[in-house]
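Worksheet for the structure shown next.
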Amino acid sequence: MALAGVLWDVDDTLFDHSGAERAGILRHLEAEGLPADGRALGLWHAVAEEVHARFTAGGLTFHEHRRERARRFLGDPDLPDDRADAWFAGYVRRYEESWAAFPDVLPALDALGGYRHGVLSNASLARQERKLIRLGMRDRFSCLLCSDRLGTAKPDPRAFRAACDALGLPPQRVAYVGDRLDLDALGARDAGLHGVWLDRAGTGGDPPPGVHRVRTLADLPGLLRRVTG
Ligand SMILES: [Mg+2]
């Protein structure tokens with residue numbers, strides 16, 4: 001059955017989240033008079049990963065997750081809400097000043113103009129909507145589904161199937177493209193879609209059975225033609 005739709009992850013797939021996050025936290029730490037070095041970056045990323053997992057699992061609200069990231073990073077579990085909010089807001093301001101799409105995104109969307117496109121993300125809908133508008137690509141996607149409104153998150157098959165329903169296509173006619181092998185490509189495969197792992201870093205090795213791997217979105221149109229046969 002011919003492929004007719006592509007669902008996309010946002011962060012580190014369409015949007016250079018890691019680059020913006022790195023630039024944003026370094027600028028924020030410098031402004032706060034704190035060390036802006038590799039150790040601080042490593043701690044920031046470790047805290048973000050752990051606290052974000054609790055947010056997507058439903059253990060924290062979005063605001064609680066931001067406060068928790070500030071408290072954990074600063075090593076101050078008693079930091080009052082208003083000060084944690086202000087600290088995180090300073091980071092967000094500098095992070096948003098650094099927002100950019102990867103340069104291979106718009107050419108890939110142009111080359112795949114005959115497909116229906118949608119977004120499925122584990123971040124909040126309000127945030128991803130604003131991000132896609134700011135990046136000038138919101139109108140490229142007919143649907144935008146996020147875990148906070150959906151009530152389920154990748155890699156749960158229900159999240160992928162809800163996004164296929166929103167595209168109006170059965171899973172076997174849809175490819176899912178994301179940077180995470182576990183959450184994105186394997187989750188999509190297990191839900192009956194074509195899982196495409198965008199391995200920008202080139203971590204090497206063969207992808208698991210049933211998962212396709214591309215190093216850049218420039219390789220996606222050719223891959224989807226081959227999948228369609
Ligand atoms: Mg991602």
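Bear in mind the structure is a predicted one, so any value in this text is a computation, not a measurement. Note that the numbering runs from 1 along the sequence shown for the chain. Atoms within a ligand are numbered from 1 in the order they appear, just like the ligands themselves.
A donor atom on one side chain and an acceptor atom on the other are not found under 3.5 Å apart for His117 and Arg140. With hydrogens and angles left out, the side-chain atoms of Ser18 and Asp12 include a donor and acceptor closer than 3.5 Å.
Of the candidates Asp165, Leu120, Thr152, Leu145 forms a side chain to side chain contact (heavy atoms under 4.5 Å, CB included) with just one, namely Leu120.
At least one N, O or S atom of Asp11, from either the backbone or the side chain, sits less than 2.8 Å from the Mg ion (ligand 1). Metal site remark for the Mg ion (ligand 1): Asp184 contributes no N, O or S atom at a distance under 2.8 Å.
The cationic atom of Arg67 (NZ for Lys, CZ for Arg) does not lie both less than 6.0 Å from the six-membered ring centre of Phe88 and within 45° of the ring axis.
When distances from the Mg ion (ligand 1) to the N, O or S atoms of Asp9 are compared, OD2 comes out shortest. Of all N, O or S atoms in Asp179, the one lying closest to the Mg ion (ligand 1) is OD1.
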